[in-house]
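Letters A, B, ... are given to chains in the order of the sequence lines, protein chains preceding strands, and every chain is numbered from 1.
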Amino acid sequence: MGFFDNILYGFQITFQPINFLFCGIGVLMGTLVGVLPGIGPAGAMALLLPATFQFSPTSTLILLAGIYYGVQYGGSTTSILVNIPGEASSVVTCIDGHQMARQGRAGPALGIAAWGSFIAGTIANLGLMFVAIPLAYAALRLGPPEYFSLMCMGLIIVTYLAQHSVLKAIMMALVGIILGSIGLDLITGLPRFTLGINELTDGAGMIPLVIGLFGISEILENLEKSLERDVFKAPLKNLWPSLKDWTQAKWAIVRGSIIGFILGILPGGGAVISSFVSYAVEKKVSRNPERFGKGAIEGVASPESANNASAGASLIPLLSLGIPPNPIMAIFFTALMIHGIQPGPLLIKQYPDLFWGLVASLYLGNALLLILNLPLIGIWVKVLRIPYKILFPLILLFCLIGVYSINNVTFDLYVMIFFGVLGWMMRKFGYEPAPLVLAYVLGPLLENALRQSLLISQGSFLIFITRPISAAALGIAFLLLLSNFFPYFRMRRREYEKFNE
Amino acid sequence: MKVFDQLSSIFWFVISTAVFIESIRLGIGKIQNPGVGFITLGASGILGILSFVLFIKATLTKEEKETEPLFSKGRWPRVLFVLFILCVYSVVMPTLGYLLSTFILMTFLFWVLERRKIWLVFTASFLSTLISYFVFSKWLNCQFPDGLFGL
Amino acid sequence: MKRIRWNMGKGMILCGFLLLLMCGLSYAQEFPTKPINMVITFSPGGSADPSMRLLASKAEKFLGQPFVTTNNGGGGGSVAMTILSKERPDGYHISGCSSTSLIRIPQFREVPYKHEDFVPIMHFGAPPSGLVVKADSPWKTLKEFVEYAKKNPGKVTYSSMGIGSPMHLAMEFIAKQEGIQWTHVPYPGSGPAFTAVLGGHVTAQSGSSESYPHVRAGTIRLLAIHHEKRFKSFPDVPTFREMGYDFINESVFMFAGPKGIPPSIVKRLDEAFRKGMEDPEFIQTMEKMEIVVSYRNSEDLKKYLEEAYDRLGKMIRELKLPKEPEKK
């Protein structure tokens, strides 16, 4: 009895023809949506939702979960091929993934992303089965003070992301914080830095920002360079990750999965943060960190694993507490409500078929996605063979449609173009966009947590130190900050010793 | 890089000053009860200092190799043209409708790099417009404006 | 080449004329003769978007024309309302919105529209709201909670989905009447605000339906609700009015169009939606989604909105809520 019976029961439900079919449709649709930059799964889900009214809630959920998982798989494709992050959580993948593509190693990059996603999905699934409820309740212990300390920790990672100048990376992070503050202030509800533009009350928008900074700027740069020769001159090497790739990436995948699963439970940007954190961790533990940014396979494997694992983890608050941690989970929530099921603490007990059916379908979906994605790699790699004069208008079109489809207003297009120009200039002047994006995500979280904490504590800063989790996180943040200086000290000491000799 | 760093540091310094002033106008609050502009005040303040540091650092370093021109000759007008087209597209798309405006956009974009075979350009843009419309609008439920002619 | 272009131009002009002609003809026939564009000022997910889509799909049967529904949740609905205010008032452009974006947002910050720029069509319901505390807390009733807050000024904290929201106003209403000092901790949305009370980071939450599964499971206690009548699903929970606080959550889910739509067209839309509300599937779904169903026709809703606008303005002044300073 126990887990084994439950999961067997779950598989019985999943392998019912209708559920199997729904899982397949879901992952197909999700892959398509995921590959297209900007287009979120919300539109596709809203479209399919009314069609599922006749079917059981389990089938509906399996379909939605299929889309959701499919999107996570597809996100890395455009990052690697054309340097356009499909969504914010694939931003870090661009750094090394696109470099690999330029070196003719698009195949291994895509392959390791797919395998990494599969392994991470499986690990997240195991986590979902065994520790969902305890983890959900543990996450409840994190209040504003803990968030503040965790976000401080996250911001320190910015210095790890720097490839060239740490100074410039920190400057970009500050710009990211300023950009992140655009919009309505949470505590007073008043707009700031909106320049009187109504559309900016929700902020500049994550998707237009990343597509502009990464994708559009890349296109502009390529247009400026001579296009008579192809952008991807490097000959294609192998299509699959080699044994060497695997030995380099295997621990990165495992570490990425675990980081992603733990951080994924944080509401509001868990997937984004976990991808950045796992990348920074890989760079830190690597024996030769200088390879990062120049096509290191760990730099693709670990963030891609992390964002997939966090996708799985974000189901936890919904299924065990009934709280949707992000807008896509909110659609899951609505779907359940329409079927008359109230997601909440009693969900797993009252609807075991739903929970275990869903868990089993995640295994199935994962496997289907791997089977679907590995052959696709061959096709994606051929995309790079398309002459750029044909490719670039199409990429631009996809970016335009993707960004437009978020809110159906053209204002987002202006934002994208603006950040495209900014990113183009940043490339010329030697600034990197990744720290900016991380700070853009963390900045508002940090500020809200700080101000909420101080409201709760009535203005006392002791709240950050008296709470154990918060104190520990602050301590680690401090150590991380110090660790930046260690190599510097060591270098000095070596020089000193040499001098003595 | 020397001139570049000097230029960009001045740019960021100007930005940070503007944000700094606006933050003060928004209200900083107290340290126990931070106001609307508190975080941006801090961020822009540090940004200002760092851009100053960058400026000094750039001025003090010796130039190792010759600076490449910022805009490689003859190519950047092409970039400006594409940017201009994109902006125009963003403005007219809601009134002209998706199909028509996208067709025009794609024609220009294909034309930028392939000026000889006009019929090829037209076919390519026609196909890409139509296919993208069906994929996005019919399959993925994207909601495009219909525009003047109901297209 | 030139010739082809010229021909295309001619063709376009011809098409334009034909379309204009068709538009002219369509006015002669009874409304509606073509699909109606409806923008929902919420993102997919939550209860607003599906309930509006469902009601629209029911109303289609009585109109004989489908709705083309889009979503734009930007700026709490203010982005979509700005666009709508500039549309032609022909009844083919309407929005499914919350009264919030009409009467609340313009009173807090500058938006390019006023609530008079729209003609309300009808409202069909409202999201539920009420006050919850953890079930292992010592307060069994609202009275006990208020007593505690009175004796311990500054000790009670509560979360809500944001400043100026009906949930926030409800708490400040009590505070003013009873002379209580408690601290409001705003969160970005009802979900995070509920997580805060569940995790014990704040004492209470003034929130919406996200807590009801937990109320049923016995981990959270619903003290009182902000509505006129008690809920069917929680018959023991009193309303604020019953407890002596004259506060009602006045926000409603409604449909509106730009000012100037002919009254006959407004009436036709109003009737179609009202008939749609009688559909058993609609009634059932509203119950499942915990939406409090209510109805007002166009004229009553207009009056209601005006009154609510004034009441809210008075409350904002009395409570001294932060407002965007007017630009010179």
[options]: which one forms the most heavy-atom pairs within less than 4.5 Å of chain C?
options: A:Leu200, A:Leu142, A:Ile341, A:Asn448; value: A:Leu142
options: A:Pro444, A:Gly183, A:Gly340; value: A:Gly340
options: A:Ile323, A:Leu184, A:Leu346; value: A:Ile323
options: A:Arg451, A:Met337, A:Gln458; value: A:Met337
options: A:Pro145, A:Ala335, A:Gly143; value: A:Gly143

Exercise. Is it the case that more than 12 heavy atoms not belonging to A:Gln350 sit under 6.0 Å from its CD atom?
Worked result: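 Buried by this count: over 12 neighbours within 6.0 Å.
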Do [X] and [Y] have side chains that approach each other closer than 4.5 Å (heavy atoms only, starting at C-beta)?
X: C:Thr183; Y: A:Ile456; result: no
X: C:Glu290; Y: A:Gln342; result: yes
X: C:Lys288; Y: A:Ile338; result: no
X: C:Pro186; Y: A:Leu455; result: yes
X: A:Pro144; Y: C:Tyr187; result: yes

Looking only at heavy atoms, which two atoms of [X] and [Y] are closest? And how far apart?
X: A:Thr334; Y: C:Pro50; result: CG2-CG, 3.2 Å
X: A:Gly344; Y: C:Pro213; result: CA-CB, 3.8 Å
X: A:Leu186; Y: C:Pro188; result: CD1-N, 3.6 Å

Roughly how far, to the nearest 0.5 Å, is [atom2] of [Y] from [atom1] of [X]?
X: C:Glu210; Y: A:Leu321; atom1: CD; atom2: CG; answer: 12.5 Å
X: A:Ile406; Y: C:Ser43; atom1: CD1; atom2: OG; answer: 11.0 Å
X: C:Asn72; Y: A:Glu199; atom1: CG; atom2: CD; answer: 8.5 Å
X: C:His201; Y: A:Arg467; atom1: NE2; atom2: CZ; answer: 5.5 Å

For this session: Please look at A:Pro345 and chain C and tell me whether the side chain, the backbone, both or neither of the residue comes under 4.5 angstrom of a heavy atom of that chain.
Result: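 For A:Pro345, backbone and side chain are both near chain C.
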So which residue, [options], ends up with the most heavy-atom pairs under 4.5 Å with chain A?
options: C:Ser57, C:Ser78, C:Gly162, C:Ser209; value: C:Ser78
options: C:Glu287, C:Gln284, C:His214; value: C:His214
options: C:Val185, C:Thr285, C:Thr203, C:Asp49; value: C:Val185

Exercise. Within the distance-only criterion (no hydrogens, no angle test), does the side chain of C:His184 pair as donor or acceptor with the backbone N or O of A:Ile187 below 3.5 angstrom?
Worked result: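 Side chain of C:His184 to backbone of A:Ile187, a donor-acceptor pair under 3.5 Å: no, none is there.
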For this session: Name the region of C:Val79, side chain, backbone, both or neither, that has any atom closer than 4.5 Å to a heavy atom of chain A.
Result: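 Both backbone and side chain.
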Problem set entry | Side chain, backbone, both or neither of C:Ala217 within contact of chain A (heavy atoms, under 4.5 Å) |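 Both parts, backbone and side chain.
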Exercise. Will you find, in the side chains of A:Asn408 and C:Thr70, an N or O donor that is under 3.5 Å from an N or O acceptor?
Worked result: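 Looking only at side-chain atoms, C:Thr70 and A:Asn408 do not form any donor-acceptor pair under 3.5 Å.
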